[in-house]
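Report on one structure; see the data block that follows.
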Amino acid sequence: MRLTVLGGGGFRVPLVHRALLEDSGDRAGRVTELVLYDTDRARLDAIGAVLAHQRARHTGPAPALRATTDLDDALRGADFVFSAIRVGGLAGRVRDERLPLAEGVLGQETVGAGGVLYGLRTLPVAVRVAERIAELAPGAWTINFTNPAGMVTEAMAAVLRERGLGERVIGICDSPVGLCRRAARALGADPDRAGYDYVGLNHLGWLRRLTVDGRDRLPELLADPAALASFEEGRLFGADWLRTLGALPNEYLHYYYFNREAVAAVRGARETRGEFLRGQQSRFYELARPDDPAQAYGEWERTRREREETYLAESREASGGWERDSCDLEGGGYDRVALALMRAIARDERTTLILNVPGRGAVPGLDGDAVVEVPCLVDASGAHPLAAGAVAADQLGLMLTLKAVERAAIEAARTGSRGAALRALALHPLVDSVGVAGRILDAAGGPGRPA
């Protein structure tokens, strides 16, 4: 079985490779060839060295590895495609963060004006990728890692659907599964034996029930300040607010519920997250030696650890300042979700995963084509969203507003309409002025304006 990774020179690719090496399934449902595609040969060589060291330390079967800078070559014959591209690189991310901050509003990779700018730049490329997949690998399943994951998945899904290929693109994110597992551990429960009722869009969701042996134990957790203080989301949002909500929000909702504090923390930091990662990863790619896999792996592991320790640092600073737990520093999460998803489809191993898929009526109030993030039953025929039931008014209201933002961005990317791009920015609840939205769009060289 052939797996192609688009963005194969990306820093997190070794996490995917590690998960493949750990897969103990039979050969019929196991990846036997891994193809890495990237536009940057030097990045491919550095990551290839890291993977070579991982392979040398592994005693079991491992997929054959091939790297290419030719997209069509990478896609031909693929059974699964992982799309993990970053259009504009980290330099683009820095611009996405700094332009909104200059106007006094949040600059963040996937949330607020920064997320819209990233989407406007990424969507045209993601659509072209979907078109090439439809042409060259129509039977492949596409698993989308590319942020902003919700709108990118929806745009790619529309392309495949228009070509009669059905729902063969699925978006994944590790934030929901991380939240669910941390909450279960805070109750002393086995995360693998618990059931989770989660609803939302990507980076905008809520855990509403956590069942163990058929009993919802979320009220018990919300009533226990010590248990809430034992994991990340409890510390991030605070026991009082979580009890008021009656749910556990995805960590990215901190930017909505505590926007003023989050913006102040980001503006007060020495550098934005994008600037930190640009410097950190530039050092890795400069220092990693393709001819010395052990050295390259050592540089990668040191850099990865530092990356995980500083994840969402500005939100932790805005909520009192605290360190991440050791169990959350191992990295990955999304790679394990991707492997579980691929295994369920390839081997027909029925499982339930929280995924980004067209809702098909699963969330009342959103149309069937709207990509939502909900538990899905996965089998050989794909991911089937489970009905969420009634959604609280405040949750549905945010979801509807953000879905309008996503679709305006998709329209702008498809048509080049400046009006649609302005609508995407101005309608976002974290952009507080149409004038601010217009200035951000002009500074970014948005549709209708020179870059």
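Since we're looking at a predicted model, the values are computed, not measured.
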Could you tell me how the ring of Y334 sits relative to the ring of F145: parallel (under 30°), tilted (30 to 60°) or perpendicular (over 60°)?
perpendicular

Tell me whether the rings of H203 and Y252 are parallel (<30°), tilted (30 to 60°) or perpendicular (>60°).
parallel

Under the side chain to side chain donor-acceptor pair (under 3.5 Å) criterion, do T68 and D73 qualify, and how do the steps go?
CA-CA 7 Å; T68 179; D73 174 49; 3.2 Å; yes

Output the distance between atom CE (M151) and atom OG1 (T146), rounded to the nearest 0.5 Å.
12.5 Å

Could you check whether R307 makes a cation-pi contact with F284, meaning its NZ or CZ is under 6.0 Å from the centre of the six-membered ring and within 45° of the ring axis?
no

Salt-bridge contact R305-E301 (side-chain N to carboxylate O under 4.0 Å):
no

Got a donor-acceptor contact below 3.5 angstrom from the R121 side chain to the V87 backbone?
yes

So, the side chain of E349 versus the backbone of R343: is there a donor-acceptor pair under 3.5 Å, distance only?
no

State whether D213 and R215 are salt-bridged, where the test is any N-O pair (Lys NZ or Arg NE/NH1/NH2 against Asp/Glu carboxylate O) under 4.0 Å.
no

V127 and A155: which non-hydrogen atoms are nearest, and at how many Å?
CG2-CB, 4.2 Å

Side-chain (T32) to main-chain (M1) donor-acceptor, under 3.5 angstrom
yes

Are K403 and E154 within salt-bridge range, i.e. N to O under 4.0 Å?
yes

For the salt bridge (Lys or Arg N to Asp or Glu O under 4.0 Å) test, which of R181, R12, R182 pairs with D174?
R12

So H428 and Y256, would you call those rings parallel, tilted or perpendicular, with 30° and 60° as cut-offs?
parallel

How long is the gap from CG on D38 to CZ on R86, to the nearest 0.5 Å?
12.0 Å

side-chain contact (heavy atoms from CB on, under 4.5 Å) for E131 and R163? Distances and angles first, verdict last.
CA-CA 9 Å; E131 291 169 346; R163 285 156 177 73; 3.7 Å; yes

Backbone N or O of D72 within a donor-acceptor pair of the R132 side chain at under 3.5 Å?
no

Within 45 degrees of the axis of the six-membered ring of F231 and under 6.0 Å from its centre: does R185 put its NZ or CZ there?
no

Counting only N and O atoms by type, is there a donor-acceptor contact under 3.5 Å from the side chain of H58 to the main-chain atoms of L21?
yes

For L34 and V31, which heavy atoms make the closest approach, and how far apart are they?
N-CG1, 4.5 Å

Rounded to the nearest 0.5 Å, what separation is found between the CG atom of L386 and the SG atom of C376?
6.5 Å

Ignoring hydrogens and angles, tell me if any N or O in the side chain of Y196 forms a donor-acceptor pair with the backbone of V177 under 3.5 Å.
no

CZ of R278 to CG of L90: how many Å apart, nearest 0.5 Å?
8.0 Å

For L106 and N259, what are the C-alpha separation, side-chain angles and deciding distance, and is it a side-chain contact (heavy atoms from CB on, under 4.5 Å)?
CA-CA 8 Å; L106 180 70; N259 180 250; 4.2 Å; yes

Show your reasoning for whether salt bridge (charged side-chain N to carboxylate O under 4.0 Å, His left out) applies to E22 and R336.
CA-CA 10 Å; E22 293 171 351; R336 297 185 186 96; 5.2 Å; no

Donor-acceptor pair, side chain of D348 and main chain of A380, under 3.5 angstrom
yes

Looking only at atom types and distance, does a side-chain atom of E233 sit under 3.5 Å from a main-chain N or O of L248, one as donor and one as acceptor?
no

Specify the closest pair of heavy atoms between A194 and A184, including all atoms of both residues, with the distance to one decimal.
CB-CB, 4.5 Å

Using the six-membered ring of Y285, assess whether NZ or CZ of R43 lies under 6.0 Å from its centre and within 45 degrees of the ring axis.
yes

For E33 and R66: C-alpha separation, side-chain torsions, deciding distance, then whether salt bridge (charged side-chain N to carboxylate O under 4.0 Å, His left out) applies.
CA-CA 8 Å; E33 182 181 6; R66 182 165 67 87; 3.5 Å; yes

Separation between OG1 of T39 and CG of D70, rounded to the nearest 0.5 Å
12.0 Å

Taking every non-hydrogen atom, the tightest pair across A186 and S230:
CB-OG, 3.6 Å

Distance alone, cut at 3.5 Å: any donor-acceptor contact between the side chains of S417 and E411?
no

Any donor-acceptor N/O pair, R208 side chain to L218 backbone, under 3.5 Å
no

Give the intermediate values and the outcome of side-chain contact (heavy atoms from CB on, under 4.5 Å) for residues V152 and M156.
CA-CA 6 Å; V152 170; M156 295 183 78; 4.0 Å; yes

To check you understand the geometry: which heavy-atom pair defines the closest contact between L44 and G9, and what is its length?
CD2-N, 3.8 Å

When rounded to the nearest 0.5 angstrom, what distance separates CZ in R93 from CG in L277?
5.5 Å

What are the two closest heavy atoms between A183 and L207, and how far apart are they?
CB-CD2, 4.1 Å

Does any N or O in the side chain of N250 come within less than 3.5 Å of the main-chain N or O of L204, such that one atom is a donor and the other an acceptor?
no

Check V169, V357, I170, T153 against V371 for a side chain to side chain contact (heavy atoms under 4.5 Å, CB included) and give me the one that passes.
T153

